[in-house]
Amino acid sequence: MTKNDAPKSTNFIHQIIEQDLQQNLNDGKVVTRFPPEPNGYLHIGHAKSICLNFGTALKYGGECNLRFDDTNPEKESQEYIDSIIRDVRWLGFEWAGEVKYTSDYFQQLYDWAVHLIKEGKAYVDHLNAAEMREYRGSLTEAGRNSPYRDRSVDENLSFFEQMKKGELEEGTCSLRLKIDMASPNINLRDPVIYRIRHAHHHQTGNDWCIYPSYDFAHGQSDALEGITHSICTLEFEDHRPLYDWLIENLPVPVVPRQYEFARLNLNYTITSKRKLKQLVDEKHVTNWDDPRMPTISGLRRRGYTPAAIRQFCDMIGVTRSNGTVDMAMLESAIRDDLDANAPRAMCVTRPLKVTLVNYEEGKEEWFELPAHPKDESMGARSVSFGRNLLIEQEDFEEVAPRKWKRLAAGEAVRLRGAYVIRCEEVIKNAEGEIIELKCSYDPATKGANPEGYKANGVIHWVNADRSVPCEVRLYDRLFTEANPEADKDKSFLDFMNPESLVVLADARAEPGLKDQAAETNYQFERLGYFVVDPDSTEEKMVFNRTVTLRDSWAKIQNN
RNA sequence: AGGGGUAUCGCCAAGCGGUAAGGCAACGGGUUUUGAUCCCGUCAUGCGGAGGUUCGAAUCCUCCUACCCCUGCCA
């Protein structure tokens, strides 16, 4: 992407940057970073952060790094790293230089820890986890100093060396900053900056058995990379004094500043990595890329486009106030993109047989229809017409309801791009279900209005003898409650939508849809936007419904 | 009296002392061989509440209220 693709919108972070630029801070440079921990897949909330960080760099002619915050090897994996790289790329962003890892800086971080010990600003504490919790105090009570707090520099150096050499068991001790056990900000009560983990690390292997904490690693990594604006979410606000303390007390090359914004909440879904992982692990969805998941890979498989996701992020803005964005906003963004860019096609999802009694048996006509009603550059497609057709079951009622614009017994309707037909006879089976319609067609209505009568409306159709068998997967919101996490007594799992996926195995699409590549978007006219799923085979295409069309008929019916 | 934040239309969000942008949703109407798109119109005498300062306050001050985050050797 180029600067022209940068977000047009502005926000409080851009305002800060513009002030910094005016004062020529950081030599007029803007360097940001997107720092995911590789312990899960990226979701729509991350997209907000990605668009902010990369978009800001783009807007101000700066750079944005992709840095994996990999200080907790037990929860991380290469699979997540790969997926994150893939997703950021797919969203359309490019990072500066190589992909970076906090683990790249483990040696420097270690040296800085030694530096702090020598300065008397860090000490090895042999309190165990439970004791440490007790000494820490509470939200309303000050903590107490650890009995190990005043060890000599040499003693601390020696213990830290032992920690590093792997001579100590996990949990026996940790390295802590010596700040203030009585601070009202709990993050300043001698935070742990190194702990022992005899774990294999996905990047550094068995080189280390002590790992820096987030607080110790993050700001220093920012400084090492020359980050000017370190943007994170609101829950890190209380960590900022610690972030600044470390920058001030360490010989870092530059002084980055941390700014916080509100994370994204979207209704009818969840954006907790832990809970998304639970959905996958417990098989409530097929995988991280299940089209119902709010993950980037899920949205991708659902048929969302990078441009739509970026537009959504631009629409919702960046502030410091917590809120919940309406899913309709995301849907609006994808409809907007796909309306302009998706070719049109016809697909009958629940077929009802229509036989044209006055159409010659064995005859076939091919009609050229525009791929897009407004964009001629998208070209044309060919659809086959014949005596045996299929229409949508929903598009027929024996007795037309009020304002009905579809087919009814004895009445006429236009077949999109083809003729006007009239329903002459309704065939039912023994159970009284409608199984076929005998219709007549009006040969004079191809590209012309009928004479002496009016068609009710326009419906879609396919030629039963020349259509592509396909499976259509109708996806809907994953949860039935706007906020599935709100109920204190129930699990979010209790609010899963049983109809979040409805599979229609016997759908039929127009001929041109055969063998289309995965991720190709279409608008199935009158139904919605659909995308080719990678499960498609030569025998059977699979389409996922991305989102329905806006449906004013549904509104009329509900009133 | 723990600390740190946030409150502007149903939702998101501009506004930065000069008289409430925009988007989403909703509701009317027009065009339409997609009940889509598109177009036109309606939608906060009001900015969490109460006081105060000011010629003038969503913007400044005071008090209050509600909600969010913080007691991992997670990030």
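- Across all strands, A:Gly447 comes closer than 4.0 Å to base atoms (heavy-atom distances).
- Within the nucleic acid shown, A:Met329 comes within 4.0 Å of at least one base atom, counting heavy atoms only.
- Nucleotides B:rG10 and B:rA26, compared at atom C1', are 9 Å apart to the nearest Å.
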Quick one: which protein N/O atoms are closer than 3.5 Å to N/O atoms of nucleotides 70-75 of chain B? Pair and distance per line, please.
unit_1 : atom_1 : unit_2   : atom_2 : d
B:rU71 : O2'    : A:Arg136 : NE     : 3.1
B:rG72 : OP2    : A:Arg136 : NH2    : 2.8
B:rC73 : OP1    : A:Arg136 : NH2    : 3.4
B:rC73 : OP2    : A:Arg136 : NH1    : 3.0
B:rC73 : O2'    : A:Arg197 : NH2    : 2.6
B:rC73 : N4     : A:Leu127 : O      : 2.9
B:rC73 : N4     : A:Gly171 : O      : 2.8
B:rC74 : OP2    : A:Arg195 : NE     : 3.0
B:rC74 : OP2    : A:Arg195 : NH2    : 3.0
B:rC74 : OP2    : A:Arg197 : NH1    : 2.8
B:rC74 : O3'    : A:Arg195 : NH2    : 3.1
B:rC74 : O2'    : A:Asn72  : ND2    : 2.8
B:rA75 : OP1    : A:Thr71  : OG1    : 2.5
B:rA75 : OP1    : A:Arg195 : NH1    : 3.3
B:rA75 : OP1    : A:Arg195 : NH2    : 2.8
B:rA75 : OP2    : A:Tyr214 : N      : 2.9
B:rA75 : O3'    : A:Asp69  : OD2    : 3.1
B:rA75 : N6     : A:His239 : NE2    : 3.2

Identify each donor-acceptor pair in which a side-chain atom of residues 169-177 of chain A lies under 3.5 Å from a protein atom, sequence neighbours left out, and give them as a table.
unit_1   : atom_1 : unit_2   : atom_2 : d
A:Glu170 : OE2    : A:His198 : N      : 2.7
A:Thr172 : OG1    : A:Glu169 : O      : 2.9
A:Arg176 : NE     : A:Asp190 : O      : 2.7
A:Arg176 : NH1    : A:Asp125 : OD2    : 2.7
A:Arg176 : NH2    : A:Arg189 : O      : 3.3
A:Arg176 : NH2    : A:Asp190 : O      : 3.0

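- Using a 4.0 Å heavy-atom cutoff across all strands shown, A:Thr10 reaches no nucleic acid atom at all.
- The nearest whole Å value for the distance from the CG atom in A:Asn449 to the C1' atom in B:rU32 is 12 Å.
- The distance between atom CD1 of A:Ile556 and atom P of B:rA26, rounded to the nearest whole Å, is 13 Å.
- The shortest side-chain heavy-atom distance between A:Thr56 and A:His14 falls under the 4.5 Å cut-off.
- The side-chain contact (heavy atoms from CB on, under 4.5 Å) search around A:Asp476 returns A:Asn497, not counting sequence neighbours.
- Protein atom CD of A:Glu392 is 17 Å distant from nucleotide atom P of B:rU34, rounded to whole Å.
- Under the ring pair (Phe, Tyr, Trp, His ring centres under 6.0 Å) criterion, A:Phe367 pairs with A:Phe385, A:Tyr419, not counting sequence neighbours.
- One interatomic measurement links the two molecules: NE2 of A:His372 to P of B:rU33, which rounds to 17 Å at whole-angstrom precision.
- Across B:rU6, B:rC24, B:rG35, the shortest atom-to-atom separation from the side chain of A:Ser332 is found for B:rC24.
- Listed by first then second residue, pairs satisfying salt bridge (charged side-chain N to carboxylate O under 4.0 Å, His left out) with a partner in residues 257-266 of chain A read A:Glu235-A:Arg263, A:Arg240-A:Glu260, A:Asp244-A:Arg257, A:Glu260-A:Arg320, not counting sequence neighbours.
- Ring planes of A:Tyr148 and A:His126: tilted class, angle from 30 to 60°.
- Look at A:Arg240 and you won't find any side-chain N or O under 4.0 angstrom from OP1 or OP2 of B:rG4.
- Each salt bridge (charged side-chain N to carboxylate O under 4.0 Å, His left out) pair with one or both residues in residues 439-463 of chain A, not counting sequence neighbours, would appear here, but there are none.
- One can place CD1 of A:Ile44 at 16 Å from P of B:rC12, the figure rounded to the nearest angstrom.
- Nearest-nucleotide mapping onto RNA chain B: of A:Asn11 and A:Leu549, the residue sitting toward the 5' end is A:Asn11.
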Tabulated below should be each protein N or O lying under 3.5 Å from an N or O of nucleotides 66-68 of chain B; please produce it.
unit_1 : atom_1 : unit_2   : atom_2 : d
B:rC68 : O2'    : A:Asn322 : ND2    : 3.3

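- Across the protein-nucleic acid pair, A:Glu237 atom CD and B:rG5 atom P stand 5 Å apart, rounded to whole Å.
- Here, B:rG3 and B:rG15 have their C1' atoms 30 Å apart, quoted to the whole Å.
- Between the CG atom of A:Asp375 and the C1' atom of B:rA36 there is a distance of 16 Å, given to the nearest Å.
- For A:Arg414 against B:rU33, a side-chain N or O and a base N or O form a donor-acceptor pair under 3.5 Å.
- Near RNA chain B, meaning a heavy atom under 4.0 Å away, there are no residues from residues 264-276 of chain A.
- Going from the C1' atom of B:rG49 to that of B:rU6 covers 16 Å, rounded to whole Å.
- The residue among A:Gly417 and A:Gln15 whose nearest nucleotide of RNA chain B lies closer to the 5′ end is A:Gln15.
- At a threshold of 4.0 angstrom between heavy atoms, the contacts of A:Arg335 with the nucleic acid are absent.
- Applying the salt bridge (charged side-chain N to carboxylate O under 4.0 Å, His left out) test to pairs two or more places apart or on separate chains, those with a residue in residues 264-278 of chain A are A:Lys275-A:Glu485, A:Lys277-A:Asp281.
- A salt bridge links A:Arg67 with A:Glu225: the closest approach of a Lys/Arg side-chain nitrogen to an acidic carboxylate oxygen falls below 4.0 angstrom.
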### Query
For A:Asn463 and A:Ser384, what are the C-alpha separation, side-chain angles and deciding distance, and is it a side-chain hydrogen bond (donor to acceptor under 3.5 Å, both in side chains)?
CA-CA 6 Å; A:Asn463 182 341; A:Ser384 165; 2.8 Å; yes
Can you give me the N/O atom pairs linking the protein to nucleotides 38-42 of chain B at distances under 3.5 Å, or say none if there are none?
unit_1 : atom_1 : unit_2   : atom_2 : d
B:rC38 : O4'    : A:Lys374 : NZ     : 2.9

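- Atom CZ in A:Arg320 sits roughly 9 Å away from atom C1' in B:rG4 (whole-Å rounding).
- Stacking of A:Lys100 on the aromatic ring of A:Phe68 is not recorded, the 6.0 Å distance cut-off and the 45° axial limit not both being met.
- When the side-chain contact (heavy atoms from CB on, under 4.5 Å) test is applied to A:Glu397, the partners found at least two apart in sequence or on another chain are A:Pro401, A:Trp404.
- Residue A:Ser183 places none of its side-chain N or O atoms closer than 4.0 Å to OP1 or OP2 of B:rG3.
- Ring to ring, A:Phe236 and A:His218 are not that close: their centroids are 6.0 angstrom or more apart.
- Base contact: A:Arg406 has a heavy atom under 4.0 Å from a base atom.
- Within 6.0 Å of CZ on A:Arg350 lie no more than 12 heavy atoms contributed by other residues, nucleotides or ligands.
- By the rule that a glycosidic angle within 90° of 0 means syn, B:rG10 does not qualify and counts as anti.
- Using N1 to N3 plus N6-O4 or O6-N4 for Watson-Crick, or N1-O2 and O6-N3 for G-U wobble, each under 3.5 Å, B:rA44 pairs with nothing.
- Look at the C1' atom in both B:rU42 and B:rG51: the space between them is 36 Å, to the nearest Å.
- For the side-chain hydrogen bond (donor to acceptor under 3.5 Å, both in side chains) test, no residue two or more places apart in sequence or in another chain qualifies with A:Thr71.
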